[in-house]
Number of protein chains: 2
Amino acid sequence: MSRTQAEPSEGSLLLDDQLCFALYAASRAVTARYRPLLDELGLTYPQYLVMLVLWEQDSISVRELGASLQLESSTLSPLLKRLEANGLLRRERRAEDERSVAIRLTGEGAALRERARSVPVAIGDAMGLTPEQDALAKQLLRLITANVTDG
Amino acid sequence: MSRTQAEPSEGSLLLDDQLCFALYAASRAVTARYRPLLDELGLTYPQYLVMLVLWEQDSISVRELGASLQLESSTLSPLLKRLEANGLLRRERRAEDERSVAIRLTGEGAALRERARSVPVAIGDAMGLTPEQDALAKQLLRLITANVTDG
DNA sequence: CACGAATAAGTTGCGCACGACTTAATCGGG
DNA sequence: CCCGATTAAGTCGTGCGCAACTTATTCGTG
């Protein structure tokens, strides 16, 4: 038995050779791991990401939010409506530019931050990477994102 | 100026400290990069993954397909219906177990494989990783998936 | 200042993704 | 052999994610 495992060739069509699939599977698995934690906060995973941005910098526009998260207004607009309906934020047209909408946290939205503090720790534990592996993974993922976005 | 950059603490709520966000962003960016290529084949990205599995092993059940891709029947059933409507496969109840449905490629579905050969190469080029980085990324992503799935 | 181009947000349509549930067939212990 | 438990596939409802488009506002150049 000289070869029990095929050499993954450059243009393989085998699912398990595909980095893209490893990425897709990992992303969904991590999101699934977040789900029960975020359920307690009444948030979905994309809503949680929006809240992370707003806790960092309140009163930003939909456009700026989209730039941070790499999401279109067609995704964000309905999502923000749901967060507004849940009492976490308000949306108001900006006086200085009526095209723009400022997203502002309510007291409730700002307060949720404290309850969210434990979430990244719990997820970090679940991922079980060493600090070095974590940093390396982030670095590689950002490199992929940068290379794949644009030319 | 002793510190121009904050040390990302264990429980940071900053978006850019989150590995989960790097993962989510990379996954969507890669899928977006696939889109124009897959459009020419008349496939979405999840449909392409299903076809990868079927090109590897034809005539498998929905359950086996779900195990390979980590997807529920509630996701696969409608997706497979669309692929059937597009003439790429057929679904037929198995005689030996009437609960199970065998997915079989049509001639057209099998033939599409040749047109798909160039896709992984093009994506590999776009990601722009060295073979070592590619292997390392896959390894880390699988580790994350494994750790996060289960206990 | 006028007016076409650009920009911001939102709407619509479609295809995932998944939880909760349903239906139908098979399994397995008493 | 029967009947409750399990299993396979599918339906339904909700929330993304994005392309294509619309509406309203602002910009910029003649």
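Note that this is a predicted model, so its numbers are computed, not measured. The figures that follow rest on heavy atoms only: side chains count, while hydrogens, waters and symmetry mates do not. Just so we're on the same page: letters track the sequence lines, and every chain starts at 1.
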Can you check the [X] [atom1] to [N] [atom2] distance for me, whole Å?
X      : N      : atom1 : atom2 : value
B:L80  : C:dA17 : CG    : P     : 13 Å
A:Q70  : D:dC18 : CD    : P     : 9 Å
B:L65  : D:dA8  : CG    : P     : 14 Å
A:E98  : C:dA8  : CD    : C1'   : 12 Å
B:R35  : C:dC14 : CZ    : P     : 16 Å
B:I103 : D:dA9  : CD1   : P     : 8 Å
B:Y34  : D:dC18 : OH    : C1'   : 19 Å
A:R99  : C:dA6  : CZ    : C1'   : 8 Å

Pick base, sugar-phosphate or nothing for [X], based on heavy-atom distances below 4.0 Å to the nucleic acid.
X     : answer
B:T31 : nothing
A:L76 : nothing
B:R94 : nothing
A:S74 : base

Presence of donor-acceptor pair under 3.5 Å, side chain of A:S73 and base of C:dG10: yes
Determine whether any donor atom in the side chain of A:S100 lies under 3.5 Å from an acceptor atom in the base of C:dA9, or the reverse, and answer yes or no. no
Looking at [options], which one has an atom nearest to any side-chain atom of [X]?
X     : options                : value
A:R28 : C:dC18, D:dC18, D:dA9  : C:dC18
B:Y24 : C:dC16, D:dC16, D:dG17 : D:dG17
A:T75 : D:dG17, C:dT26, C:dA9  : D:dG17

Under 4.0 Å between a side-chain N/O of B:R82 and OP1 or OP2 of C:dC16, yes or no?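 Affirmative; the distance criterion is met.
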Sequence neighbours excluded, which residues qualify as side chain to side chain contact (heavy atoms under 4.5 Å, CB included) partners of A:E84? A:L89, A:R90, A:R91
Find which nucleotide of DNA chain C each of A:R93 and B:D97 is nearest to by heavy atoms, and output the residue with the more 5' nucleotide.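 In this pair, the answer is A:R93.
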For A:A29 and for A:K81, locate the closest nucleotide of DNA chain C by heavy-atom distance; then report the residue assigned to the nucleotide nearer the 5' terminus.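 Going by which nucleotide is closer to the 5' end, it is A:K81.
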On DNA chain D, check which nucleotide each of B:R63 and A:P46 is closest to and give me the residue with the more 5' one. B:R63
Heavy-atom closest pair, residues B:S118 and B:R115: OG-O, 3.9 Å
dist A:M127:CE -> A:R33:CZ (nearest 0.5 Å) comes out at 10.0 Å
Spatial distance of atom CG (B:L13) from atom CZ (A:R113) [nearest 0.5 Å]: 5.5 Å
Looking at A:L15, is its backbone amide N or carbonyl O close enough to the side chain of B:E56 to form a donor-acceptor pair, meaning the two atoms are under 3.5 Å apart?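 Here the side-chain-to-backbone pair exists.
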